[in-house]
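Structure first, commentary second.
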Amino acid sequence: MICAGRSVSNAPVGAPAPPIRAISVLPDVTGIDRRFTYLIPEDYEGPAIEVGDLVRVNLAGRRVRAWVLAREGDLSAELPDGVLAKPILGFVSRALSQEIVDLAEACARYYVSRLRPFLGAGTPDRNVRPGDLSAAQAKRAAAIRARREVSAGERHPGYRAGDPVALLARRLFDEGGGVIELPPNAARLLLVESLLEAVMTREPSATLLVLVPEHRDVAILAKHLVELGRSCAALPEEHVLAASGVDVVIGTRTALFAPIEHLGGIVVLDAHAESYRDERAPNWSAPTVARLRAVAARVPLILVSPCVPLVFSRDSEPAKLETALARAYWPVIETLDRRGDDPRSGLYATELGEMIREALARDDRRVAVILNRTGRLRLLACHFCGEIARCEHCGGAMHQRERAGSGAANLLHCVSCNAERPELCAICGRARLRSLRVGATRAAEELGAIVGVETGLVTGATIDEVAAPLIVGTEAVLHRLRAASLVVFLDFDQHLLAARFGAAEESLALLCTAGRLVGGRATRRADHPWRRVVVQTRLPEHEVLLAARAGDPSQLRAGERALRRELSLPPFSALALASGGDATELARRLGALPSSPSEHRRLEVVPFGGVAAGRYLLRAPDHEVLASSLRLVHSRELNLRLEFDPRAL
DNA sequence: CGGACAAGCTGA
DNA sequence: CAGCTTGTCCGG
């Protein structure tokens, strides 16, 4: 037991000891993730230090930032013998709040993870001085005054309290939250507006937190809401404003960690979107964290999606619009059945060129053509003997690579071992190879020639604005354009047949995204009959295509639900992938856990990708069983990565 | 993470 | 045995 006060205080013997101001902090240093006790010096003159603030401390001789996790009156119980708490070096920034620190701790527990990634997610990029808050509050007061002047007649022209979308949202909010299946072209702004009304009816000063998948959507939605006279903080730029109390806070997944003084509800738009999942460990996903926050704050959570994944509708169907109405908001989807086509016609159905030419001629909007493969030729075969071009060293498929300088012969390049050789067949030695699978780069060249217009290429790597009327590329195209007359999927079977159990849901999501660009069936018919989504496929009767054409994903979901229940796949089980140096040790410890009484609650540990890979797939009946087992055996000294709901499956 | 320190290796 | 590398531990 120590008296840390002695190290900082010269209080005379016999006088009452001054209060010890100790704080518990977590340093912002990777690989530490431990709490340390520091003191606020007696002569400290900076701003009052609160839970969630960033302070600077001296840790093992280094000056580092650290989050304040708790204020402790008495540190005698916390410190081991002989350890003296050091004073903090100063205040750095306001960052989080008690609620967000609690949320981060709940997340770390849920994902059996370190705390630092979650604290980091909510911390603003730029330091916030305590004084900045009052300026933001002044701005908020102005915004509220402005809002009072908005009369009912000045509302968004589309807003009607009796609109089916508004009613649906209102009903779900009043029931305490839930899932809404909102078709691709139904007004999301109307839904948000309705939820905002609901929040403010319940508590006028409360804030609605709105999540969107991409940063681009933040500005668009925020602009609309401001036009409606709502005070609105767009994250991450307006972190301070969000903390000061506004009607709406909008942001991408990190907005879940925004300090909001009085949260009234959370809505996650396009809850199916993959960008809601952090690709870095601990791979947290926004709908899951949104649920943790909503439960802690006791506010409704509304998940909205045109294609509600099974994880959000395991046992019951989402709330939805009446079928005929929903159908009107779905795009026209047309399939080009390629089964009968001559295989030599390549990637393009005979009528495709004419379809694109018509859309370009009759519409100001651009045409988007999607092929989700980058590069030129992804799989090559000898024109004469049919042998696939493979690497002599590792046997992997070789791709075509352009050689620097024009006119030079192409080289074949092995993606896995980097070997190169001239473009010759390894078996018969002849130099004529043909492509079995064409990449987006090559498709852009070919389509440009077929249609006879300027063609732009967009992939995930494209940075510049692309102005061409015909855009060819990977699905990055769908996120780049705001509207299109025609969207073509050149090889949709690649998505439908992907060897992942989520492939069907992801394929439907692609059609929904494309459907937003071309608009709904109801608005299209008379004036823009060519606006549609065209899908080239050899599987025109695939249930994904049937569901999309019917504008009703519930039939697809019913099939998936039965299948996944049968196979005990999520959401009828919980999965995690353990990898890294000590994954084998983790697997051993999990295997040694005493099995619980009822057999079905057992945890399965299966080597993944071969025993030698040192990766293990963990399966339990539900997340809580999985996480609590992992919490029992995981410890700080184990070097491993845990990925819940792994994507690679 | 990165500094401190201990253990292990090398050359004179 | 100094001088160096490598490995392990720990931070308040």
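Naming: A, B, ... by sequence-line order, numbering from 1 per chain.
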Expressed in angstrom and rounded to an integer, what is the separation of A:N639 atom CG from C:dG7 atom P? 15 Å
How many Å lie between CG on A:D28 and C1' on C:dG11, as a whole number? 15 Å
Do A:E214 and A:H479 meet the criterion of a side-chain donor-acceptor pair at a distance under 3.5 Å? yes
Should the heavy atoms of other residues, nucleotides or ligands under 6.0 Å from CZ of A:R216 be counted, would the total exceed 12? yes
Quickly work out the A:L89 CG to C:dG12 C1' distance and round it to whole Å. 13 Å
Atom-pair distance (CZ on A:R636; C1' on C:dC9), nearest Å: 13 Å
C:dG12 C1' sits how many Å from A:I88 CD1, rounded? 13 Å
Could you list where the contact with chain A starts and ends along DNA chain B, reading 5' to 3', using a 4.0 Å heavy-atom cut-off? B:dC1 to B:dG2
Salt-bridge present (A:R636, A:D33; N to O < 4.0 Å): no
What is the distance, rounded to the nearest whole Å, between atom CG of A:L59 and atom C1' of C:dC10? 9 Å
How long is the line joining CG of A:L638 and C1' of C:dC9, in whole Å? 16 Å
A:R34 atom CZ is separated from C:dG12 atom P, nearest whole Å, by 9 Å
Between A:L457 and A:V466, the two heavy atoms sitting closest are O-CG2, 3.9 Å
Whether the A:E637 and A:S635 side chains hold a donor-acceptor pair (N or O, under 3.5 Å, no angle test) is what I'd like checked. yes
More than 12 non-hydrogen atoms from neighbouring residues, nucleotides or ligands closer than 6.0 Å to CZ on A:R291, yes or no? no
